[in-house]
Amino acid sequence: MRIEYDIKLGFKDVMIRPKRSTLKSRSEVNLEREFKFLHSPTTWEGIPIIAANMDTVGTFEMAHALSNKKLITAIHKHYTINDWNLFLTNTQDNIVDYIAISTGISKHDSDKLATIINQNPQLKFICIDVANGYSEHFANFVKATRDLYPDKVIIAGNVVTGEMVEELLLSGADIVKVGIGPGSVCTTRVKTGVGYPQLSAIIECADAAHGLGGQIISDGGCATPGDVAKAFGAGADFVMLGGMFAGHDESGGEIIEKNGKVFKKFYGMSSSTAMEKHVGGVAEYRASEGKTVEIPYRGRVDTTLQDILGGLRSTCTYVGAQRLKELTKCTTFIRVAEQENQVYTE
């Protein structure tokens, strides 16, 4: 046993210090980025925000809405092969620039992925997703997937430390997903005691990834547009959002009415709700590590998206970053004991 005494920070522990800026308006800020990747020859351009691969977020409907603004949707892995074929047949070609196909690491997952890609070779992004990215088996699966799909952009996660980011990049990943336990419907930290404050995880993992020419996704922990800005300021190349995109028309999730008000169900993919829905229940050797909640219905995602992107543009104007790419270079975090005045809460 050992203890690390260096302080680790989450989004609530800091704010971004404003700096002198020459920008006259938020409209001058360019949120689009262009990426080249460590292994894949693909080049990508767009706004590097991703809807999470949860079946109450990462839907085909969400992909239609976000792709119009050049944002990515990581499609959840529970659609059938026929669902995928129908979706891609009835969709404009360029949507493949803004969707990722998600997979687990079982033989069934691998076979299903192969069938979908063989039938739809235009797909560009693969998201290999497990809760615990620290196993040797996971790294081997990433390597095997790279061997099978040398041209695809491979996302792999989740991890929270630099050495495992490096391991996954060297195993064939282009982008590593960073975050253990910060999600709004994740209970991993409560059930296992394992986790890492998200801001520090981003800073450390971005440093490791960028040293090798890879990228990272900050996955989890963002509750406000300001958190999204902090994630980019800390060095994240992409930011993945779950709860912030849940509850909309385009989100999955059961609609519930209570006392004349409308809610939508939102749950973690390791929750008992998700496991009962997709794998017949919680296996006897494990525990549920996710919550199931009912969140107020929020209408179309476009309104929320404007709030997120508008907040991010405003952050950039406060620190003088004309392009999102420049935000991390312009960011100075200050330690704080409080974030906001909560005398009046909604």
Side-chain angles (χ1 to χ4, degrees), residues 31-33 35 40 42-104 109 112-113 115-117 119-129 149 152-155 157 174-175 177 183 217-220 222 228 237-255 264-267 269 274 278 297-309:
L31 296 181
E32 291 191 25
R33 290 202 59 180
F35 288 108
S40 171
T42 299
T43 299
W44 182 84
E45 293 182 24
I47 297 175
I49 293 174
I50 305 174
N53 50 318
M54 309 165 77
D55 64 6
T56 47
V57 179
T59 64
F60 288 145
E61 294 79 13
M62 186 65 75
H64 278 297
L66 297 191
S67 65
N68 290 332
K69 305 288 186 181
K70 295 187 175 182
L71 282 72
I72 297 174
T73 300
I75 305 295
H76 70 75
K77 72 174 187 177
H78 300 291
Y79 282 116
T80 67
I81 294 167
N82 287 338
D83 290 336
W84 269 100
N85 292 341
L86 187 62
F87 168 66
L88 291 170
T89 298
N90 295 323
T91 306
Q92 69 272 24
D93 287 341
N94 73 334
I95 202 168
V96 297
D97 292 329
Y98 304 105
I99 56 174
I101 177 171
S102 299
T103 181
D109 289 327
K112 181 179 175 183
L113 175 68
T115 301
I116 293 171
I117 289 182
Q119 294 179 8
N120 302 281
Q122 71 271 35
L123 289 167
K124 297 181 179 180
F125 289 82
I126 298 171
C127 180
I128 309 172
D129 185 58
Y149 310 107
K152 305 301 182 187
V153 179
I154 294 179
I155 301 163
D174 295 292
I175 311 169
K177 199 143 67 78
I217 297 169
S218 170
D219 177 18
C222 290
V228 178
D237 303 287
F238 297 83
V239 176
M240 179 172 274
L241 304 176
M244 291 182 73
F245 280 147
H248 297 93
D249 290 333
E250 298 86 352
S251 312
E254 178 185 347
I255 296 175
K264 292 196 83 172
K265 189 175 284 188
F266 175 51
Y267 48 83
M269 296 309 290
H278 298 299
Y297 166 69
R298 299 161 71 185
R300 294 187 60 78
V301 76
D302 286 350
T303 302
T304 296
L305 192 57
Q306 182 177 348
D307 198 42
I308 294 169
L309 300 184

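Everything numeric here is computed off the predicted structure, so don't read it as measured data. Excluded from the calculations below are hydrogen atoms, water molecules and symmetry mates; all remaining heavy atoms, backbone and side chain alike, are included.
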- Query: Taking Asp307 for the side chain and Thr304 for the main chain, is one N or O donor matched with an acceptor at less than 3.5 Å?
  - Reply: no

- Message: Please report the interatomic distance NZ(Lys69) to CG(Leu305), rounded to the nearest 0.5 Å.
- Response: 7.0 Å

- Note on the structure: The reported gap from OH in Tyr149 to CG in Leu123 (rounded to nearest 0.5 angstrom) is 10.5 Å

- Would Asp237 and Arg33 satisfy side chain to side chain contact (heavy atoms under 4.5 Å, CB included), going step by step from the backbone distance to the final call? CA-CA 9 Å; Asp237 303 287; Arg33 290 202 59 180; 4.1 Å; yes

- Can you see which heavy atom on Gly242 is nearest to which on Ala52, and at what distance? CA-CB, 3.9 Å

- Task: Calculate, to the nearest 0.5 Å, the distance between atoms CD1 and NZ belonging to Ile72 and Lys124 respectively.
- Result: 11.0 Å

- Message: Does Phe60 form a side chain to side chain contact (heavy atoms under 4.5 Å, CB included) with Thr91? I'd like the steps, not just the answer.
- Response: CA-CA 10 Å; Phe60 288 145; Thr91 306; over 6 Å; no

- Task: Hey, could you give me the CG/CD1 distance between Leu66 and Ile49, rounded to the nearest 0.5 Å?
- Result: 9.5 Å

- Task: Look only at the side chain of Lys264 and the backbone of Ser251, and say whether a donor-acceptor pair between them is shorter than 3.5 Å.
- Result: yes

- Assign the ring pair Tyr79 / His76 to parallel, tilted or perpendicular, where the plane angle (0 to 90°) is split at 30° and 60°. parallel

- Task: Mind listing the closest non-hydrogen atom pair of Gly58 and Thr73 along with its distance?
- Result: CA-CG2, 3.8 Å

- Message: Just to verify, which of Ile217, Ile155, Ile175 counts as forming a side chain to side chain contact (heavy atoms under 4.5 Å, CB included) with Cys127?
- Response: Ile155

- Task: Given side chain to side chain contact (heavy atoms under 4.5 Å, CB included), test Asn53 with Met240 step by step and report yes or no.
- Result: CA-CA 9 Å; Asn53 50 318; Met240 179 172 274; 4.1 Å; yes

- Query: Are the side chains of Phe266 and Met54 in touch, meaning some heavy atoms are under 4.5 Å apart?
  - Reply: yes

- Interatomic spacing from CD1 in Ile128 to CG in Asp109 - rounded to 0.5 Å: 10.5 Å

- What pair of heavy atoms forms the shortest contact from Trp44 to Asp97, and how long is it? NE1-O, 2.7 Å

- Quick check: are there more than 12 heavy atoms from other residues, nucleotides or ligands sitting under 6.0 Å from CD of Gln119? yes

- Item | Nearest atoms (heavy-atom pairs only) where Ser40 meets Val153 | OG-CG2, 3.5 Å

- Message: Measuring only between side-chain heavy atoms, which start at C-beta, is Thr42 closer than 4.5 Å to Asp174?
- Response: no

- Under the ring-ring contact (aromatic ring centres under 6.0 Å, His included) rule, what do Phe35 and Phe238 come out as? Steps first, then yes or no, please. CA-CA 11 Å; Phe35 288 108; Phe238 297 83; 4.8 Å; yes

- Which atoms form the tightest heavy-atom contact between Thr89 and Asn85, and what is the distance? OG1-O, 2.6 Å

- Task: Applying side chain to side chain contact (heavy atoms under 4.5 Å, CB included), run through Asn82 and Leu86 and close with a yes or a no.
- Result: CA-CA 6 Å; Asn82 287 338; Leu86 187 62; over 6 Å; no

- Item | Check: Ile101 and Ile75 side chains under 4.5 Å, non-hydrogen atoms | no

- Task: Give, for atom CD of Glu61 and atom CZ of Arg300, the distance between the pair rounded to the nearest 0.5 Å.
- Result: 11.0 Å

- Residues, nucleotides or ligands: over 12 heavy atoms within 6.0 Å of Asn94 CG: yes

- Query: Under 4.0 Å between a Lys/Arg side-chain N and an Asp/Glu carboxylate O for Lys77 and Asp129?
  - Reply: no

- Shortest non-hydrogen contact from Phe125 to Val96? CD1-O, 4.2 Å

- Side chain of Arg298, backbone of Ala246: donor and acceptor closer than 3.5 Å? yes

